[in-house]
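Input: a single structure, listed below in structure tokens.
Reminder, nothing fancy here: chain letters follow the sequence lines and each chain counts from 1.
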2 protein chains.
Amino acid sequence: MVAMKQARHPAPNEITLIDVMGALNDPIRVGLVRVLADDREHGWGELRAPVAKSTLSHHLRVLRDAGVTRTRQEGTRCFVELRRDDLDARFPGLLNAVLGAAHRDDVGAHVGLADDSPSA
Amino acid sequence: MVAMKQARHPAPNEITLIDVMGALNDPIRVGLVRVLADDREHGWGELRAPVAKSTLSHHLRVLRDAGVTRTRQEGTRCFVELRRDDLDARFPGLLNAVLGAAHRDDVGAHVGLADDSPSA
DNA sequence: CTCAATGTTCGATGTTCGTGAAACATCGAA
DNA sequence: TTCGATGTTTCACGAACATCGAACATTGAG
């Protein structure tokens, strides 16, 4: 369902290092984080990843459960954004270090935004 | 064998972000990294972790294969140390961010050094 | 109401991972 | 050489994970 009762996001202090490391231990999820690094909210539909719909849904769920992203529903559509502030507050420097490293190695390069995306 | 022909460590530029994230995606391995964060070489024997010998050997292998640590053999004993310089050069800030986060949450607290360790 | 769009959840499948016991290899000492 | 200490490797097993297709639920439009 596009609208579960309410996806539960971990509180800032419930975010654990191991969970974050686990969430960022997959090229596709790192790619998603890179896309979200513009600190803007993006709709599912804009996201382009070389996996099935259900798999993408799964990855987005892992990121959300780990506290890396926040999900919002509007009607039948969902939007994601990076929880940069919460992550920075809890693990200073971690997100930037990962983003920098991911950029250098071009991790998750196959993940991106649709051509007609408002951010493209 | 205490002395394999020569453990192959990845070259600095062969270290990948995903491998490092994967290596640091386990409390015991994070604990080991914390112990090694004093930038000194430690013998296997000093290491205390709540796992079997073979499991510890496995974890140290994962860390080595990921390029996080370096292993050296002297006679029948092995020594490990953090590859801090290589990691910092390749992924600036990542190691420090992880160490800081691990310290805050006390990740890998059950890993330590023997009481009679020269560093204890 | 009926349809189409958008995600989620549910198997099912194959892979990777953490773990320990046991067997093995190497080195140093007696 | 025989023994003990120190690690490594192999094997087996259960758990966790990535992936996909199909069925399902919810919402918005016609």
Round to the nearest Å and state the distance from [X] atom [atom1] to [N] atom [atom2].
X       : N       : atom1 : atom2 : answer
H110(A) : dT19(D) : NE2   : P     : 12 Å
F79(B)  : dT6(D)  : CZ    : P     : 11 Å
L56(B)  : dA21(C) : CG    : P     : 14 Å
Q73(B)  : dC27(C) : CD    : C1'   : 12 Å
R8(B)   : dT9(D)  : CZ    : C1'   : 14 Å
D65(A)  : dC17(D) : CG    : C1'   : 14 Å
E46(B)  : dG7(D)  : CD    : C1'   : 15 Å
R77(B)  : dC27(C) : CZ    : P     : 14 Å

N/O (side chain, [X]) to phosphate O (OP1/OP2, [N]) under 4.0 Å:
X      : N       : answer
T55(B) : dG20(C) : yes
H58(A) : dC20(D) : no
W44(B) : dA5(D)  : no
R29(A) : dA18(D) : yes
S57(A) : dT8(C)  : yes

> Base, sugar-phosphate alone, or nothing: which one does G22(B) contact when heavy atoms must sit under 4.0 Å apart?
Replying inline: nothing
> How is V51(B) classified with respect to the nucleic acid when contacts are heavy atoms under 4.0 Å: base, sugar-phosphate, or nothing?
Replying inline: sugar-phosphate
Among [options], which residue satisfies the side chain to side chain contact (heavy atoms under 4.5 Å, CB included) criterion with [X]?
X      : options                  : result
L63(A) : L24(A), L82(A), V80(A)   : L24(A)
P27(A) : I18(B), L17(B), T16(B)   : I18(B)
V30(B) : V107(B), V111(B), N25(B) : V107(B)

>> Between L94(B) and L94(A), is the side-chain contact (heavy atoms from CB on, under 4.5 Å) condition met? List the steps.
In response: CA-CA 6 Å; L94(B) 181 59; L94(A) 182 58; 3.9 Å; yes
>> Quick check on DNA chain D: between N25(A) and S54(A), whose nearest nucleotide comes earlier from the 5' end?
In response: N25(A)
> Based on Watson-Crick and G-U pairs with both distances under 3.5 Å, what dot-bracket line describes DNA chain C 5' to 3', crossing pairs as [ ] and inter-strand pairs as |?
Replying inline: ||||||||||||||||||||||||||||||
> Is there side-chain contact between T69(A) and E81(A), with at least one heavy-atom pair below 4.5 Å?
Replying inline: no
> dT19(D), dT6(D), dT8(D): which one has an atom nearest the side-chain heavy atoms of D26(A)?
Replying inline: dT19(D)
> Under 3.5 Å, is there a donor-acceptor pair linking the side chains of H59(B) and R29(B)?
Replying inline: yes
> Going through the checks in order, is the side-chain contact (heavy atoms from CB on, under 4.5 Å) test met by L32(B) and L56(B)?
Replying inline: CA-CA 10 Å; L32(B) 289 169; L56(B) 179 60; 4.1 Å; yes
